[in-house]
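Report on one structure; see the data block that follows.
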2 protein chains.
Amino acid sequence: MTGLRTDLYELRMAASYLHRDMTEHATFSLFVRRLPHRRGFLVAAGLAEALAFLESFAFNDAELGYLRDVVGFDQPALTALAGLRFTGDVWAVPEGRVVFADEPLLEVTAPIAEAQLVETGVLNLITFHTTVATKAARCRLAAGGAQLIDFAFRRTHGIEAGAGVARASAIAGFAATSDVEAAMRYGIAPSGTMAHSYVEAFPDERAAFRAFAADFPTNPIFLVDTYDTPAGVRAAVDVVTELGLTGPVGVRLDSGDLGALARQARAILDDAGLRRARIFASGSLDENVIAGLVAQGAPIDGYGVGTKMGVSYDAPSLDSAYKLVAYGDRPVLKLSPGKATLPAAKQVFRDPTGAAGDVVGLRDEPPPGGREPLLVPVMRGGRRLDPADPAEAVRAARGRFDADLTRLPEPARRLADPTPLTATVSPALAALHGRVAARLGGGPTGRP
Amino acid sequence: MTGLRTDLYELRMAASYLHRDMTEHATFSLFVRRLPHRRGFLVAAGLAEALAFLESFAFNDAELGYLRDVVGFDQPALTALAGLRFTGDVWAVPEGRVVFADEPLLEVTAPIAEAQLVETGVLNLITFHTTVATKAARCRLAAGGAQLIDFAFRRTHGIEAGAGVARASAIAGFAATSDVEAAMRYGIAPSGTMAHSYVEAFPDERAAFRAFAADFPTNPIFLVDTYDTPAGVRAAVDVVTELGLTGPVGVRLDSGDLGALARQARAILDDAGLRRARIFASGSLDENVIAGLVAQGAPIDGYGVGTKMGVSYDAPSLDSAYKLVAYGDRPVLKLSPGKATLPAAKQVFRDPTGAAGDVVGLRDEPPPGGREPLLVPVMRGGRRLDPADPAEAVRAARGRFDADLTRLPEPARRLADPTPLTATVSPALAALHGRVAARLGGGPTGRP
């Protein structure tokens, strides 16, 4: 019942195709044209959400009534839409794989009206999740081995976006999320203890810590910066001692000079014999702040990363596109300046060492010497080929990212001024592009 | 059934409060600490969504089972949560009002566990909608009188975010949205005609335009940049002439030098006698690009604004906070560096001419000379006081923004280097802050 979750022009085009019996299969290719500044790679994500969207795509009576009464669709169009489901095939790069510009992340082949109608939803979901997974991956590169926790929920773009951010950051290696519903949905560890308001609701900090540790004696994390951070750490130490807590404990710093305060906190904790107490930091963190703290050797065991990651603050979207590349037996392209496209269903071939850039070729051409094809069939006839449970899908995606990350060359990994790998076009695809462009009168210029 | 749509720490704090019979009423205040660069004001938005969230807040059995089995909550906590609903009162600035930093947009008063549990959802929704409405308002300031259409859906942060962007941009004065479900939900005009893929699915551009105009003779907009823009405009002219269309028609430019192409298109259309044909532009637009086109006198009648508005690309979130300001009969605050807060329930008093900055005072103090209080009661005992239908709420909010915009001084309105109005603190609030800070040992320093 998500049929109206699309742009109006998709519906008009679909109605026109159906009216004209244009029912041949079309192939659309989803790719990112250019990486944003400060991105040396992307982490493919959002596929499971996109496939769920495709499986549920349908119009209910209220939606059809709206199209009739407000948009002015005629009865033949409404009848065609009423029975429409997504019946197509999808090839895609599995979630968690590292990808680059100009590489198809997903290709849809379906009767053209169906393939067109789902554009908005599929493009939305893949773009959003890939944007956030990529930002989260940069935090992971910055953090060294420290633990990362998603704290973004309060400032994601809506409540459902919070769950998306939890999922995308888990794929990139975040260990936990504060978003409890997302934790439940995707099998991610939930994380969180207390806010400043809790401390303020008690007569003093010590009373608050005592109450919290009594109620949650397993691994309490004390938020120590409500009034004065070193005093807060000492209050936490006193409460741990007073209650005789012997399990894991920790403190969280949420403001001020986190590096200096972490060193002070470490000294206070160590002096009190709490050498295993952990120190967490949060508050406007991003990969650059984390890298700075790591570089200065701040004794921080874990980072709660919120808004900057959850909205991918410095690059909150991607220059993604979902473009028609074939209709019927005819490869197509467009020649719009800066937005030209390559024709036909494609494949991405990866050098197994990870050192050389990918080759983008035709889906049916043989892999060039020893290269691995990245796109695999994920949906056939509108049904997922591998409907893994949500938690298992996240775990598998995280495993793929772990593996790809180890092979990613340093220039693409580095946080500042990274150099992404550049995809090249196979001779077979280049030749086809030249023929199609020439037919359209644009000449084989521009790309490739 | 949204009880888990919160951060884990809210649940732990709530459980602790309930366990200790800490049931006194708390007041939390939601405000924005600092405006982002290039923002001279904010447009308050998201209140209707936040109130709907509050009304539906509850835990279902699966959620309680998760808290028991995975999070380890005990039976008394689960029993308390099972019966928990939001029963509090809310004061808020109505949607569409212009607001500034350090002004409460919303205040919640409820038993502390309830008020704490809803923090994440309320903060999320108000922050997201206000972020986007503010960005959309800048596009409106740039566009002069030209029509603005929300094209963001394909790159918002998830599908639900698309509806939020459609709603927030409508509040700021956008005339239509491409998101059909959002248009239906909020009574916004839906807009959209064809994509490049439609043109490519036909043997040539002319055939595509002919088919489209035959199927949608009422106000077709021809996308003319798939291959060569001036040729595309001429093809559109030919089809309009050939089919004898006499109603409104238009062309859309989606790439290239939009100003130059718009002038060429205008000349071609005028030469053909189509002086009333409209020209629309789209493609990576934001308020700066639009202002540049307007400044050069580009003959563009409407702008489709997508990603840059929909993710508020240059400032995709706000430094918002939801802070405890009173518990029981005790006003509270925190002293954390850079994150200090002002105590007690508040009111914002506005100069009716709009020229002077707002005064932030105590909720119960009388308005200083002729000033208008901005916060009004919107929920009592967990029920909305004015459950307007969704379309009416958007219309009313847009009216409020229209009115506030006319009173906004030029330094706050301008796109480049704006100067926001600065709120001052009333003597009564300043005195209270001094007393509470002194009690907590921080001294009446910092703010104010």
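Since the structure is predicted, the reported quantities are computational estimates derived from the model, not experimental observations. In what follows, chains are A, B, ... by sequence order, proteins preceding strands, each numbered from 1.
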Next on the checklist: Taking Glu160(A) first and then Arg5(A), would you say they form a salt bridge - that is, a charged N and a carboxylate O separated by under 4.0 Å?
Outcome noted: no

Next on the checklist: Heavy-atom pairs under 4.5 Å with chain A: which of Ile126(B), Leu333(B), Thr229(B) has the most?
Outcome noted: Leu333(B)

Item to check | Heavy-atom pairs under 4.5 Å with chain A, option from Glu49(B), Met22(B), Lys323(B) with the top count | outcome: Met22(B)

Checklist entry - Can you name the salt bridge (Lys or Arg N to Asp or Glu O under 4.0 Å) partners of Arg20(B), sequence neighbours left out? => result Asp215(A)

Checklist entry - By a 4.5 Å heavy-atom criterion (distance strictly below it), what part of Ser191(B) contacts chain A: side chain, backbone, both, or neither? => result backbone

Checklist outcome for this item: Separation between CG (Leu67(B)) and CE (Met184(A)), nearest 0.5 Å, reads 8.5 Å

Checklist outcome for this item: So, the part of Glu24(A) with a heavy atom under 4.5 Å from chain B: the answer is neither

Checklist entry - So which of Gly256(B), Ala183(B), Gly121(B) has the biggest tally of heavy-atom pairs under 4.5 Å with chain A? => result Ala183(B)

Checklist entry - Is the Tyr198(B) to Tyr17(A) ring centre distance short of 6.0 Å? => result yes

Checklist entry - Does any donor atom in the side chain of Ser320(A) or Arg155(B) lie under 3.5 Å from an acceptor atom in the other side chain? => result yes

Next on the checklist: Between Thr156(B) and Asn124(A), do the side chains contain a donor N or O and an acceptor N or O under 3.5 Å apart?
Outcome noted: yes

Next on the checklist: For Phe216(B) and Phe73(A), take the angle between the two ring planes, folded into 0 to 90°, and tell me which bin it lands in: parallel under 30, tilted 30 to 60, perpendicular over 60.
Outcome noted: tilted

Checklist outcome for this item: Ranked by heavy-atom pairs below 4.5 Å to chain B, first place among Gly162(A), Ala195(A), Ser255(A) goes to Ala195(A)

Checklist outcome for this item: Cut-off 4.5 Å, heavy atoms of chain B, and the answer for Ile221(A) is neither

Checklist entry - If you tally heavy-atom pairs under 4.5 Å against chain B, which of Thr127(A), Val122(A), Thr226(A) wins? => result Thr226(A)

Item to check | Structural part of Leu125(A) lying under 4.5 Å from a heavy atom of chain B | outcome: side chain

Checklist entry - Based on non-hydrogen pairs under 4.5 Å, which of Ser312(B), Gly46(B), Ala211(B) is most in contact with chain A? => result Ala211(B)

Checklist entry - Top residue by heavy-atom pair count (under 4.5 Å) with chain B, among His129(A), His19(A), Lys308(A), Glu205(A)? => result His19(A)

Checklist entry - Are Asp150(B) and Val165(B) side-chain neighbours, meaning at least one heavy-atom pair lies under 4.5 Å? => result yes

Checklist outcome for this item: Distance col, row Arg34(A):CZ vs Leu318(A):CG, nearest 0.5 angstrom, shows 11.5 Å

Checklist entry - Can Leu11(A) and Val71(A) be said to form a side-chain contact (heavy atoms from CB on, under 4.5 Å), step by step? => result CA-CA 10 Å; Leu11(A) 280 158; Val71(A) 183; over 6 Å; no

Checklist outcome for this item: Honestly, the part of Ala62(A) sitting under 4.5 Å from a heavy atom of chain B is both

Checklist entry - If you count heavy-atom pairs under 4.5 Å between each of Tyr322(B), Phe212(B), Tyr66(B), Phe151(B) and chain A, which one has the most? => result Tyr66(B)

Next on the checklist: Is Ala182(A) close to chain B through its backbone or its side chain, or both, or neither, when contacts mean heavy atoms under 4.5 Å?
Outcome noted: neither

Item to check | Partner chain B: residue of Val70(A), Asp254(A), Ile112(A), Asp228(A) with the largest heavy-atom pair count (under 4.5 Å) | outcome: Asp254(A)

Next on the checklist: What part of Ser16(A) gets within 4.5 angstrom of chain B, counting heavy atoms only: side chain, backbone, both, or neither?
Outcome noted: both

Checklist entry - With a 4.5 angstrom heavy-atom cut-off, which part of Ala189(B) approaches chain A: side chain, backbone, both or neither? => result neither

Item to check | Pair Asp225(B)-His196(B), side-chain donor/acceptor within less than 3.5 Å | outcome: yes

Checklist outcome for this item: One option among Tyr313(A), Phe28(A), Tyr327(A) has the most heavy-atom pairs under 4.5 Å with chain B, and it is Tyr313(A)

Item to check | Between His157(B), Arg12(B), Arg330(B), the one whose heavy-atom pairs under 4.5 Å with chain A are most numerous | outcome: His157(B)

Checklist entry - Measuring heavy-atom distances to chain A, does Phe53(B) have an atom under 4.5 Å in its side chain, in its backbone, in both, or in neither? => result side chain

Next on the checklist: Does any backbone or side-chain atom of Tyr9(B) lie under 4.5 Å from a heavy atom of chain A? Answer side chain, backbone, both or neither.
Outcome noted: both

Checklist entry - Measuring heavy-atom distances to chain A, does Val332(B) have an atom under 4.5 Å in its side chain, in its backbone, in both, or in neither? => result side chain

Checklist entry - Are any of the side-chain nitrogens in Lys135(B) or Asp314(B) under 4.0 Å away from the carboxylate oxygens of its partner? => result yes

Checklist entry - Going by atom types alone, do Ser197(B) and Gln116(A) pair a side-chain donor with an acceptor below 3.5 Å? => result yes

Next on the checklist: With no hydrogens and no angle check, just 3.5 Å: does a side-chain donor-acceptor pair link Arg252(A) and Ser282(A)?
Outcome noted: yes

Next on the checklist: Shorter than 4.5 Å, heavy atoms on both sides: which option in Leu324(A), Val311(A), Leu8(A) has the most such pairs with chain B?
Outcome noted: Leu8(A)

